[in-house]
Amino acid sequence: MKKTALFPGSFDPFTKGHKDIVLRGLNMFDKVIVALGINTKKSSRYFEAELIIKKIRETFREYGDRVEVITYSELTADLAKKHEATVILRGLRNTTDFEYENSIAQVNKYLNQELETVFLITSPEYAHISSTIIREVHFYKGDISEFIPYSLN
Ligand code: ADP
């Protein structure tokens with residue numbers, strides 16, 4: 001049976017760290033669905049969702065239908081069920097990520113018992129990359145090209 005993993009996130013913006021997680025996910029699963037959550041709490045994004053979706057699609061074009069990119073605004077556990085994904089893929093950089101990821105994983109398991117969350121420890125070269133810092137650098141007109149796997153121009 002085909003194994004599909006869902007990689008949910010805000011991706012505001014999608015970074016080289018995120019790309020690394022998708023590529024490593026493709027080594028384990030037949031398909032990775034990158035799902036950009038249009039979040040209720042973080043309602044206002046910095047980078048437009050449509051732009052980021054387009055850039056993520058371009059980034060993984062060579063993988064054809066093994067990488068799908070979608071937006072969503074529902075429970076991740078429900079989304080996984082809908083797309084027949086049995087795994088949620090997440091990245092872990094540090095203990096702060098762990099605290100947060102631990103509670104989301106518990107809730108997702110409660111909501112959908114068939115779902116397992118698989119955590120990938122960030123590759124050291126990308127461990128310092130965070131969407132929050134990239135937004136800050138971009139806001140003050142700094143160069144963010146080193147942190148993202150596509151060009152924004
Ligand atoms: P969310 O708002 O859901 O935390 P993010 O877009 O910030 O979404 O992150 C999505 C996932 O990618 C999370 O599991 C996060 O820990 C992981 N991640 C973020 N930055 C990196 C990185 N540099 N390396 C590996 N994983 C990362």
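In listed order, ligands and their atoms are each counted from 1.
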Notebook entry, point to check: Would you call His128 a ligand 1 contact, heavy-atom distance under 4.0 Å?
Noted result: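 Heavy atoms of His128 never come under 4.0 Å of ligand 1.
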contact_flag Phe119 ligand 1 heavy-atom lt 4.0 Å:
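Contact absent.
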Looking only at distances, please establish whether an N/O atom of ligand 1 is found under 3.5 Å from an N/O atom of [X].
X      : answer
Ala127 : no
Pro8   : no
Ser131 : no

Need the ligand 1 atom indices (1-based, order shown) with element for anything under 4.0 Å from a heavy-atom of [X].
X      : value
Gly17  : 22 (C), 23 (N), 24 (N), 25 (C)
Ile21  : 25 (C), 26 (N)
Ile129 : 20 (N), 22 (C), 23 (N)

Under the criterion side chain to side chain donor-acceptor pair (under 3.5 Å), I'd like the reasoning laid out for Ser123 against Asp20: C-alpha separation, chi angles, the key distance, then a yes or no.
CA-CA 8 Å; Ser123 301; Asp20 182 57; 2.6 Å; yes
Glu84, CD: over 12 other non-hydrogen atoms inside 6.0 angstrom: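 Open: at most 12 neighbouring heavy atoms sit under 6.0 Å from CD of Glu84.
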- request: Answer yes or no: are there more than 12 heavy-atom neighbours, outside Glu125 itself, under 6.0 Å from its atom CD?
  value: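 Result for CD/Glu125: enclosed.
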- Message: Is any side-chain heavy atom of Phe7 closer than 4.5 Å to one of His18?
- Response: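 The answer is yes; the side chains approach within 4.5 Å.
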Does some side-chain heavy atom of Arg90 sit less than 4.5 Å from a side-chain heavy atom of Pro8?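 Result yes, sub-4.5 Å side-chain heavy-atom pair found.
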**Prompt:** Looking only at heavy atoms, is any part of Asp20 under 4.0 Å from ligand 1, and if so is it the side chain, the backbone, or both, or is it neither?
**Reply:**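 Under 4.0 Å from ligand 1, Asp20 contributes no heavy atoms.
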Answer side chain, backbone, both or neither: which part of Phe7 comes under 4.0 Å from ligand 1, heavy atoms only.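 Phe7 to ligand 1: side-chain contact only, backbone stays beyond 4.0 Å.
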Next on the checklist: Between Ser10 and Asp12, is there a side-chain donor-acceptor contact under 3.5 Å, judged purely by atom types and distance?
Outcome noted: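 Judged by distance alone, the side chains do not pair up.
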> His138 and Tyr46: aromatic ring centres closer than 6.0 Å?
Replying inline: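 Between His138 and Tyr46, the centre distance is under 6.0 Å.
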Exercise. Of the listed options (Glu101, Arg93, Arg24, Lys16), which comes nearest to atom 27 (C) of ligand 1 when hydrogens are ignored and any heavy atom counts?
Worked result: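 The nearest heavy atom belongs to Arg93.
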